[in-house]
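Everything below concerns the one structure shown next.
Each chain gets a letter, A, B and so on, in the order its sequence line appears, and its residues count up from 1.
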Protein chains: 2
Amino acid sequence: MNDRTNPPIVSAEETDDTSNKTFFTIGDLAREFDVTLRALRFYEDKGLLNPRRVGTARHYSRRDRARLKLVLMGKRVGFTLGEIREMLDLYELRDGQETQLRVSLDKFREQITVLQRQKQDIEQAISDLTRTCDIVEGMLKQQAAQAS
Amino acid sequence: MNDRTNPPIVSAEETDDTSNKTFFTIGDLAREFDVTLRALRFYEDKGLLNPRRVGTARHYSRRDRARLKLVLMGKRVGFTLGEIREMLDLYELRDGQETQLRVSLDKFREQITVLQRQKQDIEQAISDLTRTCDIVEGMLKQQAAQAS
DNA sequence: ATGTGACTTGACGTTTACGTCAACCATTCC
DNA sequence: GGAATGGTTGACGTAAACGTCAAGTCACAT
C-alpha cells in the first residue's frame, strides 16, 4: 500500500507540499507518519493531541503535527505514551522553561540507562544463543560421524 | 522453614542436595528458579510442563525440572512460551534426533538475527536520545548565559 | 438521487504472561 | 484442637497500544 521507497513518482503535486497547508486532516497525518487513524484518535484520547474541531472533523495545526512528531520520537526511544504525555504537559505548562527542560533532560538520561540495560540483556542473550548453537552443531557433527 | 531446634531431619545440606531427591514439589521449583507457583501452573496449562499427580498434588520429576530450565532459558533469550512449546514438543516426538536438532538450530539462528535487530534499534535510540540530551544541555547553557 | 470516500463515535477484542483474590483441602507441629 | 504451612481449582484482572467491527454523518461527483 504505502511504498516509501519511490521518490520520483510523487513529485511537484501539492500532495506533500505541507508548507502552505493551513491545517491537516487526520488522513493527512496518518499517511505522512504511517500511523492509523485509530492510533491518532487514541493519542487524542490519551491527551497527547488536541486538534481543533470543525464540526465533527479534526483539523490538526502545524503545532499539532509537531507534537505528533514528538510523540512518535518518544515512542521510538522507548517511552510509554503516559511518559510522553507527562513531558508534553510540562511543555504546555511553561513553554521552553528551564525547570521543564531539566525534568525532561533527567528523564532522557534515565531512559538512556534503561536502554543500556536492555542492550546488555540482549547481548547476553545473543551470546548464550550463539553458544547453544555451537553446542548443537557439535552434536550434529558427532551424530554424522557416528553414522559413518 | 528449615528446621529450627527440632528433629534431625538429615543434616546440613539437605536443602540443595537435589541429587537424591526423587521428586520436587511446586514450591521446590518455585524457590529454586525464582518463579511463582502461578507461573508453574500456567506453564503446565500451556503444555510446557507435565508433572505427575499424586492425589491432587504435583510431583515434578528431574526431567520436569530439566524442562523447566529449558523454558526459562528460552524465555531469557526472547522466545515466547508458544515457540518454546513447539520446540519442546519436537523433543518429545523424537528425542535427540537429528531433524529436531536442525529445526531448533534454525530457530535459534533466526532468533539471533531478531535480537541483533533489536540491539541495533536500541543503539539507534540511545544515540538519538544522547544527541537530544546534548541539544537540551546546550539550550540550558544558553539560558543561563542570557540570564546573567 | 446515489454512490464513493473520508470521517465520526462507540464498544468490544487482541496479545502475552502471568497477578490476585476466594474458598477450600491435607499435614503436621505443639 | 487449632494454628501454621503448603498445596489445590477456578475465575476475573492487568498492562500497552492499539485493531476491528458496527453504524452513522457529510461532502461531492456522477
Which of dT8(C), dG7(D), dC7(C) is nearest the side chain of T25(A)? It is dC7(C)
Hey, does the side-chain of R41(A) have a donor or acceptor N/O within less than 3.5 Å of a partner on the base of dT8(C)?
no
Separation of atom CG in L72(A) from atom P in dA17(D), rounded to whole Å:
12 Å
Hey, quick one: are Y43(A) and L88(A) part of the same hydrophobic cluster, counting side-chain heavy atoms closer than 4.5 Å, chains of contacts allowed?
yes
Just how far, in rounded Å, is C1' of dA22(C) from CG of L37(B)?
16 Å
Atom CD of E83(B) to atom C1' of dT16(C): distance rounded to whole Å?
12 Å
Tell me: CG of L40(A) to P of dC7(C), nearest whole Å?
10 Å
Spacing of D45(B) atom CG relative to dA17(C) atom P, expressed in whole Å
14 Å
Under-4.0 Å side-chain N/O to phosphate OP1/OP2 contact, R53(B) with dG7(D):
no
Using atom CD1 of I26(B) as one end and atom C1' of dT5(D) as the other, report the distance to the nearest whole Å.
15 Å
Determine whether any donor atom in the side chain of R58(A) lies under 3.5 Å from an acceptor atom in the base of dT8(C), or the reverse, and answer yes or no.
no
Does any N or O in the side chain of E83(A) come within less than 3.5 Å of the main-chain N or O of T80(A), such that one atom is a donor and the other an acceptor?
yes
May I ask you to say whether R102(B) pairs ionically with D106(B), meaning some side-chain N is under 4.0 Å from a carboxylate O?
no
How long is the line joining CZ of F42(A) and C1' of dG10(C), in whole Å?
15 Å
Could you tell me whether a side-chain N or O of T113(B) sits under 3.5 Å from a main-chain N or O of E110(B), the two making a donor and an acceptor?
yes
Would you mind classifying the nucleic acid contact of K75(A) as base, sugar-phosphate or nothing, using non-hydrogen atoms under 4.0 angstrom?
sugar-phosphate
Over how many whole Å does the gap from L49(A) atom CG to dA17(D) atom C1' extend?
14 Å
dA17(C) OP1/OP2 closer than 4.0 Å to side-chain N/O of Y43(B):
no
Consider the side chain of T36(B), meaning its heavy atoms from C-beta on, and name the nucleotide among dG19(C), dA17(C), dG7(D) that approaches it most closely.
dG19(C)
Given that R38(B) and G27(B) both sit by DNA chain D, which one's nearest nucleotide is further toward the 5' end?
G27(B)
Are the side chain of D28(B) and the backbone N or O of T25(B) linked by a donor-acceptor pair below 3.5 Å?
yes
